[in-house]
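Contents: one structure, followed by commentary.
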Amino acid sequence: MKMNPTAPMRERVAIIGGTGIDGLPGMDLHLQVVQTPYGEVTVYVVEKQPFPIVYLNRHGPNRKNPPHAINYLGNMKALQLLGVRRIFATNAVGSINRRMPPLSLVVLSDFINFTSGRPLSYYNGGDSGHAYLEMNQPYCQALRKRLLAQANLAGLDLIDGGVYGATNGPRFETPAEIRMYERLGVDLVGMTGVPESHLARELGMHYAAVAYSINWAAGLEENIQIVTQGVDRLLDRLLRLFVDVLEVESSLTCACEAALMMVRPPQEN
Ligand code: HPA
């Protein structure tokens with residue numbers, strides 16, 4: 001992708017999906033490849049007014065990257081380079097909390113990171129700089145509120161608040177791990193929510209996520225049973241809701257843009 005550095009960038013919005021999502025319902029998607037310092041990223045763009053929508057499947061084309069091998073740095077950098085300011089993401093999860101059974105949609109309010117070996121920041125010392133990120137409200141409060149309000153109008157049942165436990169994958173958890181996560185306060189487990197959400201924040205973008213549960217977590221039933229019936233319809237309604245909220249422009253009152261505390265900015269070579 002070539003960009004003219006003097007032309008003002010048109011603001012875009014983005015929707016991120018995972019394994020169960022192949023595009024945006026009823027929309028004409030145009031493939032675009034974005035070059036980033038972290039490699040090539042493929043996205044799909046819908047030319048819509050007032051904001052073009054960028055659809056990113058975090059696993060890459062043909063779902064080639066499993067959760068622990070996703071190009072998290074490249075994906076978020078590509079969205080930033082495209083001028084994205086607001087992002088809604090979806091994550092498939094297993095349910096631990098009995099009040100969030102399979103087929104629940106949960107607007108995440110917090111997370112605990114149990115992953116290892118993933119890149120966690122764009123600021124890693126040396127020329128890349130040194131910065132801290134405030135995470136008192138881990139997901140954009142303004143986007144969360146708008147989504148919940150719009151869901152109410154649309155009659156879509158969203159649960160307000162849930163703690164996401166990010167596990168490394170690609171294997172599912174053991175029953176003992178799930179008992180431990182439950183004691184630590186995790187409601188839902190998934191493999192792809194971290195570091196995506198906080199990398200987006202490091203780059204100054206507003207990010208909120210909705211988890212959709214497709215199974216009870218390990219040990220809660222005799223066998224893991226992945227729910228398939230009803231999932232497509234649920235995701236279709238969720239994606240339409242994302243579009244309805246993102247279409248509306250208004251300033252966001254939240255802590256996201258002030259969250260990055262720069263100690264030493266990146267150095268140009
Ligand atoms: N564990 C981790 N990730 C998942 C699960 C699960 O049970 N279900 C869907 N994604």
Side-chain angles (χ1 to χ4, degrees), residues 9-18 21 23-27 43 45-56 58 75-76 79-80 82-93 100 103-111 133-164 187-188 190 192-194 196-213 233-260:
M9 173 97 70
R10 184 160 168 222
E11 182 185 329
R12 291 180 168 86
V13 295
I15 293 174
I16 304 177
I21 302 177
L24 298 176
M27 293 194 187
V43 299
V45 181
V46 184
E47 277 309 326
K48 216 168 179 303
Q49 293 296 341
F51 306 107
I53 304 176
V54 180
Y55 173 70
L56 168 73
R58 60 169 70 83
N75 282 350
M76 293 308 103
L79 296 187
Q80 186 208 33
L82 288 168
V84 167
R85 226 182 112 241
R86 295 176 283 145
I87 303 171
F88 280 129
T90 60
N91 300 93
V93 292
M100 303 175 184
L103 291 182
S104 299
L105 295 175
V106 183
V107 185
L108 298 175
S109 51
D110 210 338
F111 70 79
L133 192 66
E134 199 249 281
M135 293 292 283
N136 197 42
Q137 291 171 344
Y139 299 96
C140 175
Q141 280 300 96
L143 282 181
R144 290 185 76 258
K145 278 193 195 134
R146 282 192 204 174
L147 192 67
L148 286 159
Q150 187 67 30
N152 216 4
L153 292 177
L156 183 61
D157 201 8
L158 295 190
I159 298 174
D160 179 3
V163 177
Y164 180 94
D187 295 311
L188 308 144
T192 56
V194 176
E196 185 177 274
S197 57
H198 58 91
L199 289 177
R201 179 172 286 190
E202 276 195 357
L203 295 178
M205 299 182 285
H206 300 261
Y207 180 108
V210 175
Y212 62 98
S213 173
R233 201 180 110 75
L234 195 68
L235 290 177
D236 191 277
R237 291 190 70 194
L238 180 65
L239 294 171
R240 287 179 197 272
L241 184 76
F242 283 170
V243 172
D244 287 348
V245 176
L246 291 172
E247 253 171 14
V248 178
E249 151 90 301
S250 62
S251 61
L252 297 169
T253 309
C254 60
C256 301
E257 282 172 33
L260 190 68

Hey, could you give me the [atom1]/[atom2] distance between [X] and [Y], rounded to the nearest 0.5 Å?
X    : Y    : atom1 : atom2 : result
T192 : R58  : OG1   : CZ    : 4.0 Å
Q80  : L199 : CD    : CG    : 11.0 Å
I21  : T90  : CD1   : OG1   : 3.0 Å
E202 : L133 : CD    : CG    : 5.5 Å
L188 : I159 : CG    : CD1   : 8.0 Å

Can you name the nearest heavy-atom pair linking [X] to [Y], along with the distance?
X    : Y    : result
Y207 : I16  : CE1-CD1, 4.1 Å
V93  : Y164 : CG1-CE1, 3.5 Å
N91  : A209 : OD1-CB, 3.7 Å
L147 : F242 : CD1-CD2, 3.7 Å
A211 : L108 : CB-CD2, 3.9 Å
R12  : V54  : CD-CG2, 3.8 Å

Evaluate the side-chain contact (heavy atoms from CB on, under 4.5 Å) criterion for residues L158 and L241: first the C-alpha distance (whole Å), next the side-chain angles of each, then the deciding distance (0.1 Å), finally the verdict.
CA-CA 11 Å; L158 295 190; L241 184 76; 4.0 Å; yes

Tell me whether [X] contacts the main-chain N or O of [Y] through its side chain, where contact means a donor paired with an acceptor under 3.5 Å.
X    : Y    : value
S109 : G162 : yes
E134 : N136 : yes
D110 : V163 : no

So which of R85, R201, R86 actually passes salt bridge (charged side-chain N to carboxylate O under 4.0 Å, His left out) with E257?
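With E257 as partner, salt bridge (charged side-chain N to carboxylate O under 4.0 Å, His left out) holds for just one option, R85.
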
Find out whether [X] and [Y] are in side-chain contact, i.e. whether some heavy atom of one side chain is under 4.5 Å from a heavy atom of the other.
X    : Y    : answer
L234 : L105 : yes
K48  : V243 : yes
Q137 : C254 : no
L24  : I15  : yes
L203 : L260 : no
F88  : L239 : no
I87  : L79  : yes
L56  : M76  : yes

Between R146 and L252, is the side-chain contact (heavy atoms from CB on, under 4.5 Å) condition met? List the steps.
CA-CA 10 Å; R146 282 192 204 174; L252 297 169; 3.2 Å; yes

Considering residues at least two apart in sequence or located in another chain, which fulfil the side chain to side chain donor-acceptor pair (under 3.5 Å) criterion with R144?
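R144 satisfies side chain to side chain donor-acceptor pair (under 3.5 Å) with D160 only.
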
For R240, is there an ion pair with D236 - N to carboxylate O distance below 4.0 angstrom?
yes

Which of parallel (below 30°), tilted (30 to 60°) and perpendicular (above 60°) describes Y139 and F111?
perpendicular

Going through the distances and angles, do V107 and L148 end up as a side-chain contact (heavy atoms from CB on, under 4.5 Å)?
CA-CA 8 Å; V107 185; L148 286 159; 3.8 Å; yes

Please test V43 against Y55 for side-chain contact (heavy atoms from CB on, under 4.5 Å), starting from the C-alpha separation and ending with a verdict.
CA-CA 6 Å; V43 299; Y55 173 70; over 6 Å; no

